[in-house]
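Here is the structure we will look at.
Numbers restart at 1 for each chain; the letters A, B, ... are given by sequence-line order, proteins then strands. Values below: every heavy atom of this structure, side chains too, minus hydrogens, waters and symmetry copies. These figures come from a predicted structure and were not determined experimentally.
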Amino acid sequence: MPELPEVETILRGLVPYILWAKVDQSIIRCKKLRWPIPEDLNSCIAGQTILELSRRGKYMLFRLETGTLIIHLGMSGRLCFLNNDEPAKKHDHVDIILTQNGMLRYTDPRRFGAILWTTENPAIHPLLSALGVEPLSEDFTAEYLLRCTSNRRMAIKPLIMAGKIVVGVGNIYAAEALFLSGINPSLPANLLTYTQGEKLVAMIQQVLEFSITQGGTTLKDFVNSDGLPGYFAQKLNVYGRGGLPCVVCTKALTTCMLGQRSTVFCAHCQPEYYP
DNA sequence: ATGCGGACCTGTTAGC
DNA sequence: TGCTAACAGGTCCGCA
């Protein structure tokens with residue numbers, strides 16, 4: 001499941017292959033994704049040069065001449081640069097064939113992803129307009145976080161995952177950052193102290209940045225689609241380790257559900273708040 | 001406005 | 001062994 005570091009890694013890897021390339025045509029094999037792929041996708045993008053690749057949260061933005069392709073990988077989506085003669089497999093939804101050699105192939109078995117087209121500034125697109133700040137930007141500070149959490153009673157973990165305050169913090173990185181910050185995932189957000197907020201901001205940035213660094217090392221492999229996601233290379237302290245010993249205190253890690261998400265934490269290192 | 005639960009979808013794993 | 005059921009994941013939507 002691609003999180004922000006994976007999306008960033010994929011984007012960086014694609015730049016040398018597709019920036020300034022021209023779209024010859026696109027082929028839709030299966031338009032069913034989270035929203036249907038626009039029927040007229042081909043007429044929207046054919047013949048246009050890819051002018052810019054960027055990212056907003058986990059949304060990839062391919063700016064063409066008359067509009068922008070918005071691509072989300074959901075949880076099982078992949079975007080690979082392949083030779084034109086690569087045979088299509090079961091869950092290959094779309095090919096974007098370039099006039100030079102090669103094509104971009106979108107694959108998504110679980111269909112949680114999206115491919116959309118907008119002729120407007122993507123920043124005002126309904127999917128992007130309400131997103132929180134980029135976690136690795138200078139806008140993401142303890143002051144900002146505290147301003148956002150001060151009147152919210154919701155648990156801190158689902159709140160930082162919701163994407164309204166900060167984007168790109170999925171279940172894995174939320175759990176890891178909270179562990180490294182010593183903050184209980186259930187802590188009501190309004191009780192977050194400034195010191196905790198500082199720590200949390202720093203740890204979110206640390207785990208994401210480290211993961212991007214790791215992703216970079218497998219960059220050349222991803223083109224063949226067998227590159228390991230960054231978080232596999234990353235040492236995970238809590239995610240997926242419920243019941244196993246805490247790497248710090250050796251007590252068994254606790255698993256709970258929070259906002260319908262499995263959540264692992266150390267009850268000793270991330271003590272609960274008692275009112 | 002806030003916050004919660006439901007929906008989407010299917011490959012993988014656990015349990016019978 | 002073969003089947004079924006639960007689970008995982010990100011994000012939007014609708015209802016209280």
Please step through side-chain contact (heavy atoms from CB on, under 4.5 Å) for the pair Tyr173(A) and Ile160(A), ending with a clear verdict. CA-CA 10 Å; Tyr173(A) 295 115; Ile160(A) 58 173; over 6 Å; no

Judged by modelled atom types alone, do [X] and [Y] share a side-chain donor-acceptor pair under 3.5 Å?
X	Y	result
Asn184(A)	Lys157(A)	no
Thr66(A)	Gln48(A)	yes
Ser76(A)	Asp108(A)	yes

Would you call the rings of Tyr59(A) and His72(A) parallel, tilted or perpendicular if under 30° counts as parallel and over 60° as perpendicular? perpendicular

Most 5' of Lys90(A) and Gln260(A) on DNA chain B, judged by nearest nucleotide: Gln260(A)

In residues 108-125 of chain A, what residues come within less than 4.0 Å of DNA chain C, judged by heavy atoms? Arg110(A), Phe112(A)

Whole-Å distance between [N] [atom2] and [X] [atom1]?
X	N	atom1	atom2	value
Leu73(A)	dT11(C)	CG	P	10 Å
Leu159(A)	dG3(B)	CG	P	7 Å
Arg261(A)	dC4(B)	CZ	P	14 Å
Leu128(A)	dC12(C)	CG	P	9 Å
Lys32(A)	dA7(B)	NZ	P	16 Å
Ile71(A)	dG10(C)	CD1	C1'	17 Å
Met154(A)	dG5(B)	CE	C1'	11 Å
Met257(A)	dA6(C)	CE	P	14 Å

For [X] and [N], is the shortest distance between a side-chain N/O and OP1 or OP2 below 4.0 Å?
X	N	answer
His72(A)	dT11(C)	yes
Tyr173(A)	dG10(C)	no
Arg152(A)	dG3(B)	yes

Of all the nucleotides listed (dG11(B), dG3(B), dT11(C)), which has the minimum atom distance to the side chain of His91(A)? dG11(B)

In terms of side-chain heavy atoms of Arg153(A), which of dA8(C), dG3(B), dG5(B) is nearest? dG3(B)

Looking across every strand, which nucleic acid part, if any, lies under 4.0 Å from Leu127(A) by heavy atom: base, sugar-phosphate, or nothing? sugar-phosphate

Euclidean distance, His91(A) NE2 relative to Arg110(A) CZ, rounded to 0.5 Å: 10.0 Å

Steps toward side-chain contact (heavy atoms from CB on, under 4.5 Å) verdict (Met103(A), Ile27(A)): CA-CA 11 Å; Met103(A) 66 169 163; Ile27(A) 297 170; over 6 Å; no

